[in-house]
Amino acid sequence: MDSRYSPQDIEEKWYRVWREAGAFEPKGTGKPFTIVIPPPNVTGALHMGHALNNTLQDVLIRFKRLQGYRTLWQPGTDHAGIATQSVVEKQLAKEGVKRQDLGREKFVAKVWEWKNEYGDRIVNQLMRLGFSCDWSRLRFTMDEGLSKAVREVFVRLHEDGLIYRGTRLINWCPKLQTALADEEVENKESKGFFWSIRYPLADNPAESITVSTTRPETMFGDVAVAVNAEDERYKHLIGKQVRIPGTDRTIPIITDEHADPTKGTGAVKITPAHDFNDYEVGKRHNLKPIIAMNLDATLNHMAGKYQGMNRFDARKAIVADLETAGLLAAVEDRLIQLPLCYRSGDVVEPYLLDQWFVDMKPLAVPALEVVERDETRFVPARYTKTYRDWLEPFKDWCISRQLWWGHQIPAWYVVSETGGARRQDTPFVVARSETDAQAEAVKKYGPQAVLVQEEDVLDTWFSSALWPFSTLGWPDKTPELEKHYPTDVLITDRGIIYFWVARMIFSGIKFLGKTPFHTVYIHGTILDEKGQRMSKSKGNGIDPIEMIGKYGADAVRFALMILTTEGQDIKLSPVKFETGRNFANKLWNAVRFVLPHLEDTASGSSNREDLSYDDLHLADRWILSRLDETIKTVTESLEPRGADGSSGLRFSEAAQALYRFTWDDFCSSYLEIRKKVITAEAATLSPEGLAAKKQAVSVFATVIEKLITILHPFMPFITEEIRQALGQKELLITSQWPAADICKQLGIESSSEHDLEVMTKLLKIVDAIRSIRGDYSLPPSHALDARISCDDEPWRKIVEAHKDIIDSLERVGTVSVGVNTAKPAFSASGLIPEGRLFILLEGILDPAQEKVRLTKELGKAEGFVAAQEKKLANESFVKSAPAEVVEGERSKLQSQRDKVEKLKAALADLG
RNA sequence: GGGCGUUUAGCUCAGUUGGUUUAGAGCAUCUGCUUUACACGCAGAGGGUCGGGGGUUCAAGUCCCUCAACGCCCACCA
């Protein structure tokens, strides 16, 4: 074994072994535990967000697998409608080809080609991190099975009257030429203008009403001017007609509550086809909307001379013309919220169009209830509010997209009913297949019915919403569905609570009658070291694959886990992975150190049954009880939902417990104490010595075996490698999670508290010696003579019995242990529990320095005593605080008083 | 405009239901180490009074109010 752990050598090997062993597949008759992966886009490349998100899932899955659950981590990818279509379009553009040149069928074939060629990239990248997804069950949202689920859901929702087609004002992306859902629009603040325009009265052009707008180019779609009924300024104008400048068209002045007298001029133009508020106003007043724009965001025939101009050029031209005509009353700078398409970044136009919608209220109500009833819980809990606030307004979901890549809507227009053409009033049938559609159309409209399928595809999120059950085979009744739905925990980021989480919950309830997961864990966002989001355009991303190459997959995983505290964003920089790498190296070396002795005593974990309480050294008992504590902490921290209903998923806490135990307790203390015994040359030992060595090695083997098991979810590769090095044949990944009962088994439990106490005190003696060594900058080569003075005989006996612990942790020449011994000349004093410590420093001791050191400590102790005395002198404290708290404070005071006395004595001794 | 989060050593962060820590860790800094598992290491040390202000309480980093800074999300661009 090399002194440096080289992850590169073993990661690929173990991943292959695990896969060949089928270790990732659900097995056995244990209780199922299921996680569905948030499917990455097929176009995606692995980023740190994926690394974090999936490491969390893998930690849980491996933990539960070791606990004996029948685990399924269901993987897959998302077809990502717009994103994927854009990628392929861009690629074609390089060859000078437009998708329209190819036609729909050929273009879609091209996208499939692209998917088949590059779609596995992200999957392969996920594998590099060791993720134990059941890859044999890899799914894609456009697979035949999942598409079947999509059609089934569409048909059923339609049958239930929850899907309808209608003309509504929707968000239109002119660049992508498709409708968008509300959540797909991002508002961004931007500089703009607020123009006030005079609309002359029809019957008296000398008089006018001034309206204010940020979008003058929509004026050709105006159908009214609204004022507030209470607004004195305009009362005399209500009911009159005004002429839209540049046209002959006149519109009425109406009253509506929407007109706010405090905003602008108080009079507002009403453009129902191009503004969401105006749309509502128009409905209230029965005003027919007028569309003034084409789908490519150029003005249409309503705009007269501006026809054909794009919206931004037209705006400039119109404003200039108004100014010339003297109709521009005012111009004001203004910050406006520009609605942008989340994919293309183009300015979204509200547009009146025929689209398909899902009626949300009947679906949302039960989805709110499961959260109310705690059947699904958000961690952190605050996201419950985010979820609720989004669902509660019950806004219908626009699900149709004018794209080619996606699930084509399973609706067929009976064009034969409208003269062979598809018109707005053409009837349609919705069915699971074209054959079914045909049959139904024939039944309804006769044998001459001619069908044309709806061209629109469904919103990508429509299929992702079904992910927890479509991936398991629904609508078929598969064994997987039977066992693994509902799933357990969903782990994702806050960005897709609306898009995805909410929709999975209502879909799961609607079609399977149960919420799809009991816990939704929302992790933080990975930021760069300055706290900015990582993005391609900023170029501030950290590539996980590069980090794996540099530090190893285990190091990347471990660092991310130690940084994951509930819901907190993570400021990341490459140096953070050093923690993980160093930790792996530490563990590696501990094993490397003891391994030869495991072999030469043949006391590997296989024949450990001879471990018995009587033979155990104090350090053995101590490390075993620390191990039990660590097992308990890690187990409880990882549990998603404790028996008492408490939330676990404290990843950082678990990782830190493992780190501390391994580094501080196991390596720094335990191994150092037992080093001599463990490494003693077997051939030179007496029978007793050999037995002691075997004991020590057995304890080491026991601890390391349990330790690598509970560490395995975090660092799967190195732990599997160590397991094999220990001579175990069975794979660690499918072994057993340990119970925190080793001490109990060995009969240590009854005395463990005392052991812990003694050990802690002994370690404090070592600390005191080391502290003096440090203060005098004495190198380890300088062996110290230590005199330990105990306050009483029983304690002296214990210290005497465990002198070897002190000796092994600190280079001492002689250690003598007495009771109330006098301070030797030329010695430095140290404070230890139930005693005093003297280090002989003849020729080294600097009384002045010693005085400074002791005085400083005395000051601290005296300050504490004063504070404690004051506290305990406070009658209301003694009266109101619980007895044990008061008692605790009293004993603290006592021990500090003791300390003060000893320090004073030490100072007096200095002379 | 509304909602949420953050503010604790130079930096990055822990700190459960207020009281066993006179505030912890890692990194960085300083000192001493070729101690034969590990310099991706060992030992020691310095460094915060917990954003500001007010309040509740015997007791507050921990609860309440308020102010400030930073960040995120949502909101009809009249």
Side-chain angles (χ1 to χ4, degrees), chain A residues 1 3-5 187 190 192 194 211-215 226 258-260 263-271 275-280 334-339 347 350 380 382-383 385-386 389-390 494-495 497-498 525 527 529 531-533 551 555 562-563 565 567-573 575-576 578-579 581-595 646 650 652-653 656 659-660 667-668 671-672 675 679 767 770-781 810-811 860-861 863-864 867-868 871 874-882 884-886 888-889 891-892 896:
Chain A
M1 274 173 107
S3 77
R4 291 247 169 128
Y5 166 63
N187 290 304
S190 152
F194 195 45
V211 298
S212 300
T213 180
T214 58
R215 302 198 57 202
H258 170 59
D260 181 344
K263 284 187 183 168
T265 59
V268 57
K269 63 198 244 355
I270 301 300
T271 324
D275 182 284
F276 285 96
N277 286 312
D278 295 2
Y279 182 70
E280 295 304 317
R334 171 167 288 210
L335 283 177
I336 49 177
Q337 295 293 326
L338 267 188
V347 177
R382 72 181 112 96
Y383 289 111
K385 187 173 161 53
T386 308
D389 290 351
W390 181 72
R494 67 177 99 95
I497 293 175
Y498 306 147
T525 306
L527 306 169
E529 56 265 73
Q532 295 177 307
R533 262 193 129 84
Y551 301 103
I562 211 157
L563 292 169
T565 50
Q568 217 48 47
D569 287 352
I570 296 171
K571 282 187 199 164
L572 196 65
S573 59
V575 292
K576 300 237 166 135
E578 288 179 11
T579 308
R581 179 200 58 186
N582 297 352
F583 181 54
N585 195 240
K586 186 78 183 173
L587 179 67
W588 181 253
N589 276 290
V591 173
R592 188 170 68 93
F593 171 54
V594 181
L595 205 56
S646 63
R650 295 182 301 271
S652 177
E653 192 176 303
Q656 281 187 53
Y659 186 90
R660 293 242 158 80
C667 291
S668 294
L671 267 189
E672 291 300 330
K675 200 177 229 173
T679 57
D767 283 345
R770 284 173 170 176
S771 181
I772 290 170
R773 180 190 289 283
D775 281 344
Y776 284 91
S777 291
L778 298 172
S781 54
E810 177 53 27
R811 178 70 70 89
K860 269 202 240 172
F864 185 82
Q868 287 302 103
K871 198 184 235 179
N874 184 341
E875 272 179 45
S876 41
F877 167 71
V878 179
K879 215 164 49 185
S880 324
E884 69 261 29
V885 171
V886 177
E889 297 298 324
S891 76
K892 269 198 277 179
Q896 290 297 317

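Numbered from 1 within each chain, the chains take letters A, B, ... in sequence-line order.
In terms of polar N and O atoms assigned as donor or acceptor, the side chain of A/Q568 never comes within less than 3.5 Å of the base of B/rA14 in a complementary pairing. In the interface, the side chain of A/K879 is not paired with the base of B/rC58 through any donor and acceptor atom under 3.5 Å apart.
Within the 4.0 Å cut-off from OP1 or OP2 of B/rG3, not a single side-chain nitrogen or oxygen of A/K385 is found. Between A/N589 and the phosphate of B/rG41, there is no side-chain N or O to OP1/OP2 separation shorter than 4.0 Å. For A/K675 and B/rA37, the shortest distance from a side-chain N or O to OP1 or OP2 is below 4.0 Å. Regarding contacts with the backbone of B/rA45, a side-chain N or O of A/S771 is found under 4.0 angstrom from either OP1 or OP2.
Toward the 5′ end of RNA chain B lies the nearest nucleotide of A/A861, the other residue of the pair A/A259 and A/A861 mapping further downstream. Both A/E889 and A/G567 lie close to RNA chain B; mapped to their nearest nucleotides by heavy-atom distance, the more 5′-ward contact belongs to A/G567.
Judged by distance alone, with hydrogens and angles left aside, the side-chain atoms of A/R650 form no donor-acceptor pair with the main-chain N or O of A/T565 at under 3.5 Å. In this structure, A/E889 contributes its side chain and A/Q868 its backbone to no donor-acceptor pair below 3.5 Å. At distances below 3.5 Å, not a single donor-acceptor pair connects side-chain atoms of A/S880 with backbone N or O atoms of A/F877.
Spacing between atom CG of A/L587 and atom C1' of B/rG41 amounts to 15 Å, rounded to whole angstrom units. Look at CZ on A/R773: it is 10 Å from C1' on B/rG44, rounded to the nearest Å. The distance between atom CZ of A/F583 and atom P of B/rC27, rounded to the nearest whole Å, is 13 Å. Per the geometry, CD1 belonging to A/I570 stands 18 Å off P belonging to B/rC27, to the nearest Å. With rounding to whole Å, A/E810 atom CD is found 9 Å from B/rG44 atom P. Separating the CG atom of A/L572 from the P atom of B/rC13 is a distance of 11 Å, rounded to the nearest angstrom. Taking atom CG on A/D569 and atom P on B/rG71, their separation rounds to 13 Å, with Å as the unit. Distance CZ (A/R581) to C1' (B/rG41): 12 Å, rounded to an integer number of Å.
In this structure, A/Q532 CD and A/K571 NZ are separated by 10.5 Å, a value rounded to the nearest 0.5 Å.
Closest to the side chain of A/Q337, out of B/rC72, B/rU35, B/rA75, is B/rA75. If you check B/rG26, B/rU35, B/rC74 against the side chain of A/Y498, the one that comes closest is B/rC74. Comparing atom distances between the A/F864 side chain and each of B/rU22, B/rC38, B/rA75 picks out B/rU22 as nearest. Closest to the A/K586 side chain, of the nucleotides B/rA37, B/rU20, B/rG26, is B/rA37. In this structure, the nucleotide among B/rG41, B/rC73, B/rU35 sitting nearest to the side chain of A/P780 is B/rU35. The side chain of A/S668 lies closest to B/rC42 when the candidates are B/rA37, B/rC42, B/rC58. Of the candidate nucleotides B/rC73, B/rU20, B/rU12, B/rU20 has the atom nearest to the side chain of A/K892.
Contact annotation for A/K871: no contact, since no heavy-atom pair falls under 4.0 Å across all strands. As judged by a 4.0 angstrom heavy-atom cut-off over every strand, A/R215 is placed among the base-contacting residues. The residue A/R4 sits close to a base: some heavy atom pair falls under 4.0 Å. In this structure, A/A867 reaches neither bases nor backbone, as no heavy-atom distance under 4.0 Å exists between it and the strands shown. Residue A/P779 is classed as a sugar-phosphate contact, given heavy-atom separations below 4.0 Å to backbone atoms only. Residue-level contact check: A/R382 touches the backbone only, with heavy atoms under 4.0 Å from sugar-phosphate atoms and none from bases. Using a 4.0 Å heavy-atom criterion, one finds that A/D278 contacts no nucleic acid atom at all. Residue A/E578 is out of contact with every strand shown, counting any heavy-atom pair closer than 4.0 Å. Using a 4.0 Å heavy-atom criterion, one finds that A/K571 contacts the sugar-phosphate atoms exclusively.
The local environment of NZ in A/K860 is sparse, with at most 12 non-hydrogen atoms from other residues, nucleotides or ligands closer than 6.0 Å.
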Would you sort out whether A/I497 and A/Y383 count as a side chain to side chain contact (heavy atoms under 4.5 Å, CB included), showing the intermediate values?
CA-CA 8 Å; A/I497 293 175; A/Y383 289 111; 3.6 Å; yes
Assess the residue pair A/T679 and A/F593 against the criterion (side chain to side chain contact (heavy atoms under 4.5 Å, CB included)); give the C-alpha distance rounded to whole Å, side-chain angles, the decisive distance to 0.1 Å, and a yes or no.
CA-CA 9 Å; A/T679 57; A/F593 171 54; 3.4 Å; yes
Checking A/R592 against A/Y5 for the side chain to side chain contact (heavy atoms under 4.5 Å, CB included) test, could you report, in this order, the C-alpha distance in whole Å, the side-chain angles of both residues, the deciding distance, and whether it holds?
CA-CA 10 Å; A/R592 188 170 68 93; A/Y5 166 63; over 6 Å; no
Side chain to side chain contact (heavy atoms under 4.5 Å, CB included) evaluation trace for A/L527 with A/R533
CA-CA 5 Å; A/L527 306 169; A/R533 262 193 129 84; 4.2 Å; yes
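When base pairs are accepted only as Watson-Crick or G-U wobble with both N-N or N-O distances under 3.5 Å, RNA chain B takes part in stems of 3 or more pairs at B:1-7 with B:68-74, B:10-13 with B:24-27, B:29-33 with B:41-45, B:51-55 with B:63-67.
Taking atom C1' in both B/rA43 and B/rG51, one finds a spacing of 37 Å when rounded to whole Å. Taking the P atom of each, B/rC73 and B/rU8 are spaced 23 Å apart, rounded to whole Å. For the P atoms, the distance from B/rG26 to B/rC65 is 36 Å, rounded to whole Å. Taking atom P on both nucleotides, B/rC30 is separated from B/rG46 by 16 Å, rounded to a whole Å. Nucleotides B/rU6 and B/rU29, compared at atom P, are 31 Å apart to the nearest Å. Between B/rA9 and B/rG61, the two P atoms lie 15 Å apart (nearest whole Å). A distance of about 9 Å separates the P atoms of B/rC63 and B/rU16, rounded to the whole Å. Straight-line distance between the P atoms of B/rA14 and B/rA25: roughly 16 Å, to the nearest whole Å.
Applying the ring-ring contact (aromatic ring centres under 6.0 Å, His included) criterion to A/F583, with sequence neighbours excluded, gives A/F558, A/Y659.
Side-chain contact of A/T525 with A/R494: a donor-acceptor pair under 3.5 Å is present, judged by distance alone.
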